[in-house]
Amino acid sequence: MTKYLAKRVGQALLVLWAAFTAAYLLLQAMPGDSILIKFQNPELGLSPEQIAQIRQYYDAGGYLHTVLGFLRGDFGYSVDTGTPVLERLAAGLPETAELAAAAFVLAVLLAVLIAVAASHSSRLRGLLLAVPALFISIPAFWLGILLIQVFSFRLGLVPVIGGSEIQQLVLPVLTLAVPISAPIAQVLARSLDQVFTQPFVPVVAAKGASRSWILWRHVVRNALPPTLTVAGLTFGELIAGSVVTETVFGRNGIGRLTEQAVNAQDTPVLLAVVVLAATVFVLVNLAVDVLFPVLDPRLAR
């Protein structure tokens, strides 16, 4: 088990380093100049020499200096606002974490509901299995606008402005959860079908067990490993999905911060967001890898 964990942790650190390096190189090669966008404004009255000093301040150190800074928790300063990047991340992280956690829980519940219902009802099976394909094909921005139009403007159930914290969370959570639930439901439904064909299922059924008892006591546990893998992968997409969702609903989280940083070409903030997203992705998938030996002890050998 120790060897298994050490291997997974090593792979996780390698992925983080690769994500950081790729993001750093791509952002350095990005066309445009965030320094000129911010400071070459006649109203500021800065001379070319002063702009050059500002550029040297933000660009000092290079790759190695940036790596060491990130290891110390120093993400540098935002070109757009001049404030520490860490402060901007800390200000937006709670809202995004709340949105992502609620959306992930709802996505899993929707996926389980669809997959289990499809395994129980042969008549509705085809229709239910078509639902994930529909969910995954819906653009998040279109879904968000549609939900606002229906539930806020037409039905008046969820206020767009001035609602409670829970009311302000309902529609963004739905917008983010629906597309993410689709791959989880597809894999879970396929895994349930495969496990139901295993020889132990007829044996247990011959002893008088109902289909529901077999499903929840035996089949679901054996169908979980591939589903957990997909769930971990989709969790990593939550920050990417939050960019669109938070922009549509005006939430001030990491997604909105990313959109603002892209518009301002604020590379220190963008690099920090990429590293944050990669860290969340790696930690979630590392947790999934740790759960695998618990579900199937043969994997720990």
Side-chain angles (χ1 to χ4, degrees), residues 99-140 142-144 146-147 170-242 244-245 280-281 284-299:
L99 174 62
F104 185 72
V105 171
L106 180 59
V108 171
L109 292 176
L110 285 173
V112 171
L113 179 63
I114 293 170
V116 171
S119 69
H120 271 290
S121 176
S122 58
R123 294 181 178 180
L124 299 177
R125 179 178 175 80
L127 178 62
L128 290 169
L129 292 181
V131 171
L134 174 64
F135 282 177
I136 203 171
S137 63
I138 298 176
W142 182 85
L143 178 60
L146 178 65
L147 291 175
V170 171
L171 296 185
V173 166
L174 280 173
T175 302
L176 196 54
V178 166
I180 291 175
S181 68
I184 303 175
Q186 288 174 328
V187 173
L188 180 57
R190 192 176 302 114
S191 298
L192 291 175
D193 290 342
Q194 291 175 350
V195 177
F196 266 119
T197 63
Q198 297 299 313
F200 74 87
V201 174
V203 174
V204 177
K207 296 181 179 179
S210 66
R211 184 178 178 86
S212 297
W213 193 90
I214 296 173
L215 173 68
W216 295 110
R217 292 296 298 270
H218 297 283
V219 174
V220 169
R221 178 172 181 175
N222 286 278
L224 277 181
T227 308
L228 285 176
T229 300
V230 174
L233 293 173
T234 55
F235 192 90
E237 299 177 6
L238 288 173
I239 292 182
S242 68
V244 176
T245 304
V280 172
F281 177 84
V284 171
N285 283 275
L286 182 61
V288 171
D289 288 339
V290 171
L291 284 175
F292 275 1
V294 177
L295 298 173
D296 190 351
R298 293 173 298 179
L299 296 175

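This one's a predicted model, so the numbers in the text were calculated from it and none came from an experiment.
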Open item on the list: Testing the basics here: between A185 and A111, what is the closest heavy-atom pair and its distance to 0.1 Å?
Closed with: N-CB, 3.5 Å
- [ ] Check T175 against G144 and note the closest heavy-atom contact, atom names and distance.
- [x] OG1-CA, 3.5 Å
TODO: Kindly give the heavy-atom pair with the smallest separation between L143 and P179, and that separation in Å.
DONE: CD2-CD, 4.4 Å
Task: Shortest non-hydrogen contact from T234 toward F104 - done: OG1-CE1, 4.2 Å
Task: A115 to A189 - nearest heavy-atom pair and separation - done: CB-N, 3.7 Å
Open item on the list: I need the single residue from L174, I180, L176 that forms a side-chain contact (heavy atoms from CB on, under 4.5 Å) with L106. Which is it?
Closed with: L174
TODO: Could you grab the distance from atom CG of L147 to atom CH2 of W142, nearest 0.5 Å is fine?
DONE: 9.0 Å
Could you list the donor-acceptor pairs under 3.5 angstrom formed by side chains in residues 197-204, with sequence neighbours left out?
unit_1	atom_1	unit_2	atom_2	d
T197	OG1	Q194	O	2.5
Q198	NE2	Q194	O	3.4

TODO: Work out which heavy atom in P172 is nearest to a heavy atom in T245; give both atom names and the distance.
DONE: O-CG2, 3.6 Å
Open item on the list: As a test of understanding, state which of L188, V131, I184 forms a side-chain contact (heavy atoms from CB on, under 4.5 Å) with I114.
Closed with: V131
